[in-house]
Amino acid sequence: MDYNFRAIEAKWRTFWQENKTYKTEIDNSKEKFYVLDMFPYPSGAGLHVGHPLGYIASDIYARYKKHKGFNVLHPMGYDAFGLPAEQYAIQTGQHPAITTAANLKRYREQLDQIGFSYDWDREVRTSDPNYYKWTQWIFLQLFHSYYNTELDKADDIKNLVALFEKEGNAAAKAHGDQETVFTAAEWNAMNEKEQQAILMNYRLTYLSDSFVNWCPALGTVLANDEIKDGVSERGGHPVERKKMQQWSMRITAYAERLLTGLDQLDWTDAIKEIQRNWIGKSVGALVSFEIDQHKEKIDVFTTRPDTIFGVSFMVIAPEHELVNHITTAEQKKAIEAYQVKAAARSERERMADVKQVSGEFTGAYAKHPFSGNLIPIWIADYVLASYGTGAVMAVPGGDQRDWDFAHKFGLTIPVIIEGQNISEGADANKEGIICNSDFLNGLKVKDAIVKAIEAMEAKGIGKGKTNYRLRDAVFSRQRYWGEPIPIYYKNGIATAMDESELPLELPEVDKYLPTEDGEPPLARAENWKTAEGHPIETNTMPGWAGSSWYFARYLDPNNTGEFASQDALNYWKNVDLYMGGAEHATGHLLYARFWTKFLNDKGFLPFDEPFKKMINQGMITGNSRFIYRILFSIDQSGINDNDIIKNIEFDGKLIHISKEYYEAWTNSSITKPDEKNLSEQLKLLIKEHEASETERLKAIYPNFKGKVSYWATPSSIIKAQIPIKHVDGYSLNVEALKNDKEFSNYMNSTFLFQNQFICLGEIEKMSKSKFNVVNPDNIIESYGADTLRLFEMFLGPLEQSKPWDTDSIEGVHRFLRKFWRLFHDGENNFSVTNAEPTKEELKVLHKTIKKVEDDIERFSFNTVVSAFMICVNELNDLKSNNKTILEQLVILITPYAPHIAEELWHKLGNTESVTLQAFPKFEAKYLVESSHKYPVSFNGKMRFMLEMPLDLSKEEIEKTVMEHEESQKWLDGKTPKKVIIVPKKIVNIVI
RNA sequence: GCGGAUGUGGUGAAAUUGGUAGACACGCUAGACUUAGGAUCUAGUGCCGCGAGGCUUGGGGGUUCGAGUCCCUUCAUCCGCACCA
């Protein structure tokens, strides 16, 4: 073999490792550059081809910056705590630490194969006690802090306590949930428990009640995406909205700074926009409504206080704390039924489903703050308890959801904007003139908002307020595999551990499940108490805790005295280029910004944004394969007992049909199997199945009088996802699937097909659960890491998502071999010439230097690969093997294909690593042209090319063009109306 | 529902500031070399048309000498939505 990539890549990987080529130290003589990848969660499936996309791009950039003379920090580590390892532990009993260690080992092997320039001496793992010691330490800092709204930064909670002792909380400038006011005397009279409860309303991490998706059967809280159709994805158990005491992070204190800080960041507008929407700043008013015959009030936030006279009813969330209190006896039953129904629906469903309007009247009335009219109070699930105050003043004239609601329940829809037509729907127009609104009549919306707020403030019933959609982040997890929270309970009071007790290490437990009483797994740990015998917090931290500050740990990863030294922090500072997926827009990227701002407030970090520039690599989508499964139904006419239907489970005799059968079926209007077009074989199969299932049911349920039958339409055929590994193209290897132990339900399945079983193909997210993951290992085995690196970049623009398709990988591999052959003769002997490079050779080289440099700078990695290909093709055409040219070219290609570059660099007679060489200097003088080939257009359509010297004046160009015989042909005797000449660009003649 | 993207040949794509649409590859067709080819090389390849030529960047409209690029409108697909990380 001419280009022996296996030998070359193995050789240089060892060389780099032994020589610590990628080791990085502080070097004050050089400018720093910090390139960071979002670190991976090491899943059991290993690295798939989507991961390296971003890693390769950032590695190219890091290597490029190093060639450009920067001191580049480029570390890697692992987000090693997480749910999948815990799930696996629950299923197998294996400790998540063991699973995680095994996964890490595999990730490392895979990463090493690709030839990244990581400084592995800086690796971090969030599950390592030496690491999470500092995650816990940050938690304690947050616990000991509150947000001082006067200084507009975090401050020591002791300062707040001192203030309370002196003057109470009336004048306290602090962000918090404390609603009642107390004097210094009252504060000082409180016992410790009462004082601590009040401080919880100010601490930046605090205990409070939050709503969660509680699954009683699993004894745990579920994420939205673990819930499908209102039941748990695992096991199908019911899930309810439940209030639980949880740790939260007071990120809302930072809402405004998180919002304005975005302006300084070099991120895509899309991500910034997502964060702005997430923070959701809206300016409006908080209005209090009195409740008739009750002393409580309902607060609502509105962005349109000008519409106050358009309010004809109120809607509060079914979970609102006042619902049970104000509901009248007559309405009690209906309200309770509705609450149960609403609790069973996920927030997502409630938000998405606007077509089905539902709600229930509480029987209570609120008093309109200006008119005093009684307005009915309803509950409805389109109002979410967790958003705003959990209550809205309904203005059906101006809000479509309110309009739908009023329309359905026959509530009045007042007109409050002149000329408004609201017979068919609400009118949210903000341009009109207010009417039917007492003192607001005749005003424009903008002015009415101001006046309404003034009136509310004067009357003491409301005030102007800025609201944020952002909610405090729930921080407790009822899980095992996460950081323990360094809190213990002294007589029921949550108390911070001392820093000297960190790390609080994760204890051993007998099982990774919640206890029988529904307590988190840590409650199973023996002696989970402090030395004094106080119980320790049993919740753990969420996955995002460790990843909210890891970028800082890389700067000084082995420091035991502090999370990073000031020297390291001041030299490396924040991340200059952050590479990762856009899917973290509202999670990790917001939390990391929040912690950074906090640590900056406290003087621990010398910067207040973690990631200066960010590039979001697009997803590599996978190829999924599906087969069609026929669903059988039961003819219900013969059944009296509903329970039978619920309890019936069909046995393993699934029927699967290939694509052509499916299409034969759906393309006809046939709904019964006994009609034409369906093969006799399928008809027979279905009949047989009907009969055997009917017999089986009769045997199990003696009073079953019906039969299993096929009344089905094509919609009762479902798509079943099958692993791509058993499919060649679209043709399924039926035997392999049947024999796959992971898919035992296919063992007795019937497959109906002609010649070969054709599957349906779809492009979707590459994920283990979709069985469509492709690992990079076999690509590297067949083509080498350099080919993989070039190929992943060649696929298309980095930021766009694209399907994984290896068809064109040959072309990239062929390019590397062509590149190799530039340095070798026909017998694969190394052969270059020391002659002076020719003008043409220099032109090719410098054209390429410019293109490569410009494109890497603008993160257009795919076009660089094309530029290399063009360069090699052109040198090939010139039969060039000039050493001077090739030496420069080798450096140029090093960031993309470091192994082959290192090999050729050494063959050229060099001994130092190519990765340490200076980037070739572009010199414009080699590209100077004396003439330009002008495209000549008539009426904007290009007709012919004409080469003309660059020093011609516009007049001379026009003259030359008009005299040309092609021009005469297209002019066809007419006189041009206009001639447009753009020097060095185009000529356009308008006829 | 809200929010964010993306639509260009048979395929992945290029066109950086409004200036030659389809670079570079894959695939395909024909040929050369070869015992052989899933190696290598040469030529061709957006669509329609014998040709002159016409058409072409999801659809429709607009601005402009000139639009893939700017504006309006519409359709389709993908992604995220607070406990997956």
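Chain letters run A, B, ... following the sequence lines, proteins first, then strands; residues in each count from 1. Heavy-atom basis, side chains included; hydrogens, waters and symmetry copies ignored.
- Residue A:N873 has no polar side-chain atom (N or O) positioned under 4.0 Å from OP1 or OP2 of B:A23.
- Mapping A:E810 and A:P84 onto RNA chain B via the closest heavy atom, the residue that lands nearer the 5' end is A:E810.
- Taking A:D472 as the reference, A:Y206, A:T252 meet the side chain to side chain donor-acceptor pair (under 3.5 Å) condition, with sequence neighbours excluded.
- Put simply, CD1 on A:I986 is 5 Å from C1' on B:G19, counting in whole angstrom units.
- Here the P atom of nucleotide B:U20 and the CE atom of A:M945 are 9 Å apart, to the nearest Å.
- Of the candidates A:W247, A:F594, A:F139, A:F475 forms a ring-ring contact (aromatic ring centres under 6.0 Å, His included) with just one, namely A:F139.
- Counting non-hydrogen atoms under 4.0 angstrom, A:F794 reaches a base of the nucleic acid.
- A:N277 comes within 4.0 angstrom of sugar-phosphate atoms only, judged by non-hydrogen atoms across all strands, and of no base.
- Across all strands shown, A:V990 has heavy atoms under 4.0 Å from sugar-phosphate atoms exclusively, and none from any base.
- Each of A:E799 and A:S866 has a nearest nucleotide on RNA chain B; the 5'-most of these lies closest to A:E799.
- When heavy atoms are screened at a 4.0 angstrom cut-off, A:P797 is found touching the sugar-phosphate backbone but no base atom.
- Here A:L83 lies in heavy-atom contact (under 4.0 Å) with sugar-phosphate atoms only.
- Every residue two or more places apart in sequence or in another chain that forms a side-chain contact (heavy atoms from CB on, under 4.5 Å) with A:N103 is listed here: A:P42, A:T99.
- Per the geometry, CG belonging to A:L222 stands 8 Å off C1' belonging to B:C83, to the nearest Å.
- Heavy-atom contacts from other residues, nucleotides or ligands closer than 6.0 Å to NZ of A:K272 number more than 12.
- Using a 4.0 Å heavy-atom criterion, one finds that A:W278 contacts the bases of the nucleic acid, with or without backbone contacts as well.
- The residue A:S476 sits close to a base: some heavy atom pair falls under 4.0 Å.
- Contacts of A:I271 with the nucleic acid, taken as non-hydrogen atoms under 4.0 Å apart, are absent.
- In this structure, A:T863 reaches the sugar-phosphate backbone alone: every heavy-atom distance under 4.0 Å involves primed, P, OP1 or OP2 atoms, never a base.
- Between the NZ atom of A:K941 and the P atom of B:G53 there is a distance of 13 Å, given to the nearest Å.
- When only modelled atom types and interatomic distance are considered, A:W267 and A:N616 share no side-chain donor-acceptor pair under 3.5 Å.
- Straight-line distance from the CD1 atom of A:I870 to the P atom of B:A25: 7 Å, rounded to whole Å.
- Taking the ring centroids of A:Y132 and A:F81, they lie under the 6.0 Å cut-off.
- Ion pairing between A:D854 and A:K851 fails under the 4.0 Å rule for side-chain N and carboxylate O.
- Residue A:R821 has a polar side-chain atom (N or O) positioned under 4.0 Å from OP1 or OP2 of B:C41.
- In this entry B:U16 has no Watson-Crick or G-U wobble partner, no candidate having both defining distances under 3.5 Å.
- A:N862 has no side-chain polar atom (N or O) that falls below the 4.0 Å cut-off from OP1 or OP2 of B:G12.
- Contacts of A:R276 with the nucleic acid, taken as non-hydrogen atoms under 4.0 Å apart, are absent.
- The CG atom of A:N939 sits 11 Å away from the P atom of B:G54 (whole-angstrom rounding).
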Please lay out, stage by stage, how A:F815 and A:F794 fare under the test ring pair (Phe, Tyr, Trp, His ring centres under 6.0 Å).
CA-CA 12 Å; A:F815 155 74; A:F794 192 60; 9.0 Å; no

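- Residue A:R814 has a polar side-chain atom (N or O) positioned under 4.0 Å from OP1 or OP2 of B:C26.
- When Watson-Crick and G-U wobble pairs are counted only if both distances are under 3.5 Å, B:U77 pairs with B:A5.
- Between the side chain of A:K851 and the base of B:U16 there is at least one donor-acceptor pair of N/O atoms closer than 3.5 Å.
- Using Watson-Crick or G-U wobble geometry with both donor-acceptor distances under 3.5 Å, B:A82 finds no partner in any strand shown.
- Residue contacts shown for A:H584 include a base, since a base heavy atom lies under 4.0 Å away.
- For A:Y934 and B:G19, the OH to P distance is 15 Å, given to the nearest whole Å.
- Within 4.0 Å (heavy atoms only), A:E857 reaches no atom of the nucleic acid at all.
- Between B:A82 and B:G27, the distance separating the two P atoms is 44 Å to the nearest Å.
- For A:F791 and B:C24, the CZ to C1' distance is 14 Å, given to the nearest whole Å.
- At the heavy-atom level, A:D855 lies under 4.0 Å from base atoms of the strands shown.
- Pairing partner, B:G44: B:C28, with both Watson-Crick or wobble hydrogen-bond distances short of 3.5 Å.
- Closest contact between the side chain of A:Q800 and the listed nucleotides B:C83, B:G7, B:C65 involves B:G7.
- Here A:R477 does not reach the OP1 or OP2 of B:A82: none of its side-chain N or O atoms lies under 4.0 Å away.
- For A:Y41, taking side-chain heavy atoms from C-beta onward, the closest of the listed nucleotides B:U16, B:C65, B:A85 is B:A85.
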